[in-house]
Number of protein chains: 4
Amino acid sequence: MVGGGEGAFIGAVHRIASRIDDKFTFVAGALSATAEKARRSAAALGLDPARSYGSYEEMAESEKARDDGIEAVAIVTPNHMHFPVAKTFLDAGFHVICDKPMTTTLSEARQLAEIAARSGKVFVLTHNYTGYPMIRQARAMVANGDLGRIRVVVAEYAQDWLATRAEDGGSKQAGWRVDPQKAGAGGAIGDIGTHAHNLACYVTGLKVEKLAADLSSFVSGRRLDDDASMLLRFAARDGTAAKGMLWASQVAVGNENRLTLRVYGETGGLEWAQEEPNRLWYTPLGEPKRLLTRGGAGATAAAAAASRIPAGHPEGYLEGFATIYSEAAELIRAAAAGRAPPEGIALPTIEDGVAGLAFVEACVKSAKEGGAWVAL
Amino acid sequence: MVGGGEGAFIGAVHRIASRIDDKFTFVAGALSATAEKARRSAAALGLDPARSYGSYEEMAESEKARDDGIEAVAIVTPNHMHFPVAKTFLDAGFHVICDKPMTTTLSEARQLAEIAARSGKVFVLTHNYTGYPMIRQARAMVANGDLGRIRVVVAEYAQDWLATRAEDGGSKQAGWRVDPQKAGAGGAIGDIGTHAHNLACYVTGLKVEKLAADLSSFVSGRRLDDDASMLLRFAARDGTAAKGMLWASQVAVGNENRLTLRVYGETGGLEWAQEEPNRLWYTPLGEPKRLLTRGGAGATAAAAAASRIPAGHPEGYLEGFATIYSEAAELIRAAAAGRAPPEGIALPTIEDGVAGLAFVEACVKSAKEGGAWVAL
Amino acid sequence: MVGGGEGAFIGAVHRIASRIDDKFTFVAGALSATAEKARRSAAALGLDPARSYGSYEEMAESEKARDDGIEAVAIVTPNHMHFPVAKTFLDAGFHVICDKPMTTTLSEARQLAEIAARSGKVFVLTHNYTGYPMIRQARAMVANGDLGRIRVVVAEYAQDWLATRAEDGGSKQAGWRVDPQKAGAGGAIGDIGTHAHNLACYVTGLKVEKLAADLSSFVSGRRLDDDASMLLRFAARDGTAAKGMLWASQVAVGNENRLTLRVYGETGGLEWAQEEPNRLWYTPLGEPKRLLTRGGAGATAAAAAASRIPAGHPEGYLEGFATIYSEAAELIRAAAAGRAPPEGIALPTIEDGVAGLAFVEACVKSAKEGGAWVAL
Amino acid sequence: MVGGGEGAFIGAVHRIASRIDDKFTFVAGALSATAEKARRSAAALGLDPARSYGSYEEMAESEKARDDGIEAVAIVTPNHMHFPVAKTFLDAGFHVICDKPMTTTLSEARQLAEIAARSGKVFVLTHNYTGYPMIRQARAMVANGDLGRIRVVVAEYAQDWLATRAEDGGSKQAGWRVDPQKAGAGGAIGDIGTHAHNLACYVTGLKVEKLAADLSSFVSGRRLDDDASMLLRFAARDGTAAKGMLWASQVAVGNENRLTLRVYGETGGLEWAQEEPNRLWYTPLGEPKRLLTRGGAGATAAAAAASRIPAGHPEGYLEGFATIYSEAAELIRAAAAGRAPPEGIALPTIEDGVAGLAFVEACVKSAKEGGAWVAL
C-alpha cells in the first residue's frame with residue numbers, strides 16, 4: 001500500500017476491504033510521504049518494519065527484489081500521486097489497485113492506460129460503488145432490456161462536509177481535496193462527481209457524449225469547485241439518445257454521502273441510493289413499484305454473486321468495496337496463471353479511469369466557457 | 001366556473017377546494033365549449049340550469065346582469081382559453097381565479113397583467129402547491145434567514161403518465177396537453193415545469209435570471225416536450241448568486257406526481273416532497289436532520305395558518321388547494337370592502353404568472369439554441 | 001350537529017368532511033352544552049340564529065316541527081353524551097351520524113343498537129379510518145383471498161400528546177378524555193384503541209374472541225389508561241385462528257397519530273400507516289414487496305370508489321372522513337326513498353359500535369384481573 | 001471454530017467478522033460433525049489440513065497440546081451443541097466466543113455460567129446486534145437519562161423465511177431450527193426472540209420481570225413456535241415499572257430481517273430498525289424528531305467507538321458483528337495479560353445468556369398455561 005497513513009480515510013477502507021473476503025494480506029507499505037509518519041503508521045498497523053518504506057520508489061525496488069515480494073500494490077494517496085506511483089509499480093512488474101480519480105489530468109490518464117496495456121499487468125480502479133450488489137443488479141437489468149431503451153439518467157452525489165472551511169480546521173482529507181496541486185483541476189467533480197459519472201455509465205452501459213456544466217466555489221477562498229450541476233447527453237444507442245442530469249455537491253447541508261442514481265427507460269424505471277444500498281426500486285411500466293432487495297425474492301444472479309449474507313442483513317460500504325478487491329484477486333490470479341479471467345467479473349476498467357478524467361476536463365472547460373456544451 | 005365539465009380533472013379539484021373552507025358556493029358555469037356537454041355536466045353537478053351557460057361570453061354577460069351574479073369566476077379550461085376567458089371576466093368586472101400556466105404566451109401574460117391591474121379586480125393564479133402548509137413554513141424559514149444565503153436549489157417534478165401515447169387512448173387530459181394549439185409552446189415545462197419553477201421562487205424569494213434547458217420529446221410523434229432538464233442561475237442577493245437545477249418529466253416511469261424541492265443555504269438545508277406534504281426536513285448546519293411536521297413541535301405560524309387539523313392527521317392536495325381559495329376569498333372581500341388585504345396572505349400573484357410564461361419561453365428558446373444559456 | 005363548538009377538534013372535521021363531496025349542508029346545531037357558548041360558536045360559523053339551539057333536546061323537538069327540518073344529525077360531543085343524544089334523535093325520527101366510541105358502556109351500546117333497529121333510521125358510526133381508499137383496498141384484497149388465511153394482525157395507534165399532563169393546560173380535548181365521567185371506562189383504549197380494534201376487524205373480517213390487556217396510567221394522577229398493550233385471539237375461520245397484538249398509547253414520545261395496521265396471511269402480507277395513507281405495501285409470498293398507491297397501477301375498484309383525485313396527489317384525513325359522509329348520504333337517501341342501499345357501501349355498522357364497547361370492557365376487565373385472558 | 005461448515009450461514013459471518021478489524025486469524029476448526037464434510041469445508045476455506053479436526057473433542061485436545069494452539073474458539077453449531085462444546089473448551093483452558101442462544105435449557109445455561117466463572121476464561125456471547133453503533137448510542141442515551149424514566153419498550157423481530165415448510169426443501173438452516181432436539185424448546189423465540197429480548201434489555205438496562213406469551217406454530221406439522229407475541233413487565237426502576245411488547249415471527253410475509261426497537265420514556269423516544277442500522281430516530285419531548293446517524297452531528301462517543309468509516313458510508317451487519325469480535329479480543333488480551341478490561345467495552349455477558357434462556361423457558365411455560373403471566 002502506498003499512502004493511507006495517519007489521518008487518512010480511504011487507506012483504512014482499502015485495508016479492511018482487502019481482508020473481508022480473505023484474498024489479500026497487507027504486508028508492505030509506504031504509508032506516508034513523510035518518513036517518520038510512515039514509520040509510525042506502519043507500527044500502529046503492525047506492519048513488519050523491514051517492509052515499511054520511506055518512499056514508494058524504495059518500496060517498488062525492494063519488494064521487486066524479494067522472493068516474497070508483494071503481489072499487487074494499492075495506491076491510496078492524494079490524487080496527484082496516483083500517476084507516478086502507478087507508473088512506478090507497473091514498470092516494476094506489479095499489479096495495481098488504484099483509487100479514483102485515476103490521475104489529475106486526462107493526458108496522464110491516457111499515458112497510464114498505455115503503460116498499463118504495455119505492462120500486461122492488471123490495473124484495477126476502485127470505483128467502489130460499482131461493487132454494491134444492487135448496482136450489479138441494476139446493470140444486469142438494463143443490459144437485459146428490463147427498462148427498454150434508456151431515456152433519462154439522473155445521478156446525484158450530495159455531501160455537506162465542505163459547507164464551511166473544513167480545510168482550515170486541519171482536516172488532512174479536506175486539505176488536499178481543495179488544493180489544485182494535489183487534487184487536480186476538479187474539486188467536487190473530481191472527488192465525487194467522477195463516482196456519479198462512473199456509476200451512471202456503469203449501470204446503463206452508455207457513454208457521455210457532451211455536457212454543459214455549472215461549477216461553483218461557494219465557500220469563500222476555495223479555489224476548486226464545491227458544487228457542480230450539469231446536463232448530460234449520452235451517445236445514442238438503438239436509435240435513442242438518452243439525456244441526463246448530474247449534480248455533485250459538497251455544500252448541500254443535510255446530506256452525508258447521498259449518492260443516488262435514477263434510470264428511466266421506455267418500459268421501466270430504477271432508483272437507488274447509496275445510503276440504503278441493499279434496496280433497488282424497480283417500476284415496470286404500468287405496474288406497481290417493487291422493492292428489490294439484496295438477497296430477496298427479486299434479486300438476480302449478478303446481485304447474488306456480489307453478496308455474502310442473506311436478505312435483511314445489511315451489507316454496506318465496506319462489503320461493496322471488498323467485492324472490488326475480490327474480483328481484483330480473481331483477475332490477478334487468472335493473469336498470473338495465464339488463464340482467461342473468470343466470467344461475471346464486472347470491475348471498472350482503466351478506460352473508465354480515462355473517461356473519468358475526460359469528464360473532469362470537460363466540466364472544467366464547459367465552466368470556463370460559461371456553461372457551454374462541450375464534447376467529451 | 002368556466003371549463004371543468006365531463007372528463008376533466010382540475011375542475012372537480014377547484015370545486016372541492018372552494019367548498020372545504022366554506023367560503024364559496026358554486027352557482028354558475030360554462031362547463032364545456034360544447035353546449036350539450038356543458039348542459040349535461042351542469043345537470044350532473046346539480047347546477048341551476050338557468051345558470052349553466054353554453055359559452056363563457058354568455059356567462060359573463062348574464063351573470064353581470066343578475067343582482068345575485070357571481071362574485072368571482074374560476075377558469076379551469078385548457079391553457080389556450082385562460083387568456084380570453086380571464087380578459088372577458090375582468091372586463092366584465094369579476095374577480096378571477098385562474099389555473100396555471102396563466103396564458104400560452106408571455107405576450108398574453110403581460111397583457112393580462114395590465115388588464116388585471118387596470119380592472120382593479122383580484123386575480124388569483126392557482127399555483128396550488130404554494131398552499132401546502134410546509135411550503136408556507138419553508139418560505140417563512142428562508143425569509144427568516146434560517147438557511148442563511150441560499151446557494152443551491154433543486155426542483156423536480158417527475159411523472160410517468162405520458163410515458164406512452166396516452167393521448168391516443170382518448171384521455172381528454174392527455175389530449176390537450178400535448179397539443180401546441182391548446183397547451184402553448186411548452187409541454188412538460190408548461191404543465192408541471194411551471195409549478196416547479198414557481199415553487200422554487202416562491203420558497204426562496206429568488207428570481208431566475210438565466211437558464212440552459214434541454215427539452216426532449218421522447219414519445220414518438222409527440223410535438224411538445226415530455227421531459228425537460230435545465231440549469232438555473234438566480235439573480236444575486238446579498239452578494240451570493242444561487243444556482244439550481246430543474247427537472248420536469250412526464251416519462252419517468254415509477255413517478256406519479258413527484259414534485260420535490262430542496263434548498264441549501266450557508267447555514268441550513270430544507271427538503272420537501274409533495275407526495276408526503278406534511279413533512280419538511282430541516283438540517284441546521286452541523287446539527288442532526290429534523291423532521292418538521294404540519295402541526296408538530298417545529299411548525300411555525302405560517303404553517304399553522306394554512307392548516308385545519310392536528311399533526312399526524314394528514315392534510316393533502318385538496319386542502320393545499322383550498323388554502324388558495326380561502327385566501328382568494330379574503331382578498332376578494334377585502335377588495336370589495338375597500339379594506340387592505342389581511343396580513344399573512346401569501347398567494348401567487350399575477351407577476352408570478354408572467355414569470356411562469358417567461359420561464360416557458362426561455363426554456364423553448366434555449367432548447368432551440370441547442371441548450372444555450374438564455375436570460376429570462 | 002350536536003357538540004362541536006369552540007375549542008373542539010372533531011366538530012370542525014365533521015363539518016368539512018360533510019362538505020367535501022357536497023352531499024350535506026350544515027343548517028342547525030346545539031353546539032355546546034353552555035347556551036352562551038353554543039350561540040357564540042353558531043355565530044362564528046354563520047349558522048342561522050333561529051336554528052342554533054341551547055340544548056340537544058330543544059334542537060330535536062324544534063327541527064322535528066319544521067318543514068325544512070334536518071335530514072340527519074351529527075353527534076360530536078364527548079363520549080358520555082353520545083347515547084342520550086343519539087337516542088333522542090332516533091326517537092324523534094332522524095338519521096344519526098355519531099362519533100366513536102358509540103357510547104360509554106357496552107350496555108348502552110346494546111340498547112342503542114336496539115333503539116336504532118326499532119327506529120328504522122340509518123345509524124352511521126364515524127370510524128373514519130375505514131374511509132381511507134387503501135384501507136378499502138386492503139379489505140377487498142383480504143376478502144378476495146390475496147393473503148390466504150390470516151395468521152397475524154398487528155395494530156398500533158401511538159400518539160404522544162398526553163405524555164405530560166396536557167389536561168392541566170386547559171385543553172378542552174384533553175380534559176374530557178381523561179375524565180371517566182365523560183370518556184367512559186377507557187382512556188387510550190376508548191379514544192384510539194377502538195379505532196385500532198375496528199380497523200383490524202374491518203380489514204380482515206375477523207372478530208376478536210379473547211384478549212389479555214395490560215393497561216397503564218403513566219402520567220401521575222391520571223385516572224384512565226394512557227397506554228394499553230394487549231394480545232388478541234381472533235375467532236377461527238377456515239380452520240385457522242389468527243392472533244394479534246394491539247398497542248394504543250398516548251405517551252409514546254415522537255408519535256403524532258401513528259395508526260398502523262399489518263396483516264400477515266399464508267400467502268401474502270399487507271402493511272399500512274395512517275400518516276402515509278395513500279400507500280399500501282403488499283408482499284405476495286415469495287415475491288418482492290410492492291408499493292400500491294391510491295390511484296396507481298395496483299389500485300382496485302374498492303380504492304377507486306373512495307378516491308377523488310389521481311395518484312400522486314395525496315388525499316388525507318379529511319377526504320377519508322368525507323367518504324364516510326358520502327356513503328352516509330347514499331344510505332340515508334336510499335332509506336328515505338325505500339330503496340335498497342347501493343352496492344359497494346362499506347360503512348362501519350352499529351354492530352361495530354357494540355363490538356367497540358365490548359372491546360373496551362374486555363380490556364378493562366382483563367387489566368383488573370392482572371392481564372388475564374378475557375372473552376369478548 | 002466449531003461448526004460453520006458447508007451450507008451454514010453463521011459460520012461464514014463469524015469468520016468475516018473476526019477478520020474485519022484484524023484481531024484474529026482463523027487457524028483451526030472442527031467444521032462439521034461429519035468428518036468428511038469437515039475436511040471438505042476446511043479445504044474450501046484453505047485451512048491447514050493438520051488443524052482441521054473430525055470432532056470438537058479432538059480439536060480441544062490437539063490444540064491444547066500445540067505451542068501455537070488457538071487463543072479462543074468460536075462456537076457456531078446448532079444450539080444443542082453450544083453447551084458441550086463450550087464446556088469442553090473452557091475446561092481445556094480456552095476462551096470462548098459462542099453463538100446465541102447460549103444453550104438449549106436454562107439449567108445448562110446456569111451450569112455453563114458456573115463453568116465459565118470457575119475457568120477464569122473469557123466467555124463472549126455473540127448477540128451481535130449489540131455491536132451496532134446506533135444501538136451503542138441508544139444505550140448510552142438511555143443511561144444518560146436522555147429519555148427520562150422508561151415507560152414503554154416495543155421490540156419486534158419479523159422474518160418470513162419460514163412462512164412455508166422451508167425445512168422440507170433441504171435447507172440445513174431451516175432443518176435444525178425447527179427441530180426441538182437441536183434448537184431447544186424455542187423456535188422463533190429462541191432463534192430471534194432472544195435477540196429482541198436481549199436488545200430491549202441491553203439498550204434500556206432493564207430486566208424482564210414477567211411476561212405473558214402467545215406462541216403459535218402456524219405452519220402445518222411444525223413442532224416449535226414460528227410466531228410469538230407477548231406482553232412484558234420490566235422490574236421497576238426509579239419508581240416506574242416499564243412495560244413492553246415483543247413480537248418474534250418467522251411467518252410475517254414481507255419481512256426479511258425486521259428487528260426493530262422502540263423505547264419511550266418520560267422525556268424522549270428512540271426508534272431503531274436493524275435494516276437501516278446507521279439511523280436512530282430521537283424525539284426529545286416537545287421537540288421535532290431528529291435523525292441521528294452513525295458518524296453524524298448527533299453521534300455520541302459510544303457510537304463512534306463502534307464505527308470504522310464516516311457518516312453516510314453505511315456500515316452493516318458484518319461490521320456490527322466485527323465489533324463483538326474486536327471487543328472480545330480486547331477482553332481476551334487483557335485477561336491474558338492480567339490487565340483489567342479496557343473501558344468502554346459493552347459486550348453481552350454470560351448473564352445475558354442465562355437471561356435469554358430464562359426468557360425462552362418463561363415463554364414456553366406461559367404458552368403452556370394458555371398465555372398466563374409467568375415470572376422470569
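Summarising the geometry, atom OH belonging to Tyr282(B) is positioned 11.5 Å from atom CZ belonging to Arg290(D); distances are rounded to the nearest 0.5 Å. With rounding to the nearest 0.5 Å, the separation of OG1 in Thr293(D) from NZ in Lys289(B) is 9.5 Å.
Nearest approach of Ala297(B) to Gly286(D), heavy atoms of both residues: CB-O, 3.2 Å.
Each ring pair (Phe, Tyr, Trp, His ring centres under 6.0 Å) pair with one or both residues in residues 297-317 of chain B, not counting sequence neighbours, appears once here: Tyr129(B)-Tyr317(B), His313(B)-Phe9(C), His313(B)-Tyr317(C), Tyr317(B)-Phe321(B), Tyr317(B)-His313(C).
Proximity to chain B among residues 257-280 of chain D is not found for any residue, judged by heavy-atom separations below 4.5 angstrom.
By the ring pair (Phe, Tyr, Trp, His ring centres under 6.0 Å) test, Phe234(B) is found to be paired with no residue, residues two or more places apart in sequence or in another chain being considered. Asp146(B) meets the salt bridge (Lys or Arg N to Asp or Glu O under 4.0 Å) test with no other residue; sequence neighbours excluded.
Here the side chains of Pro288(B) and Leu292(D) are in contact, with some heavy-atom distance below 4.5 Å.
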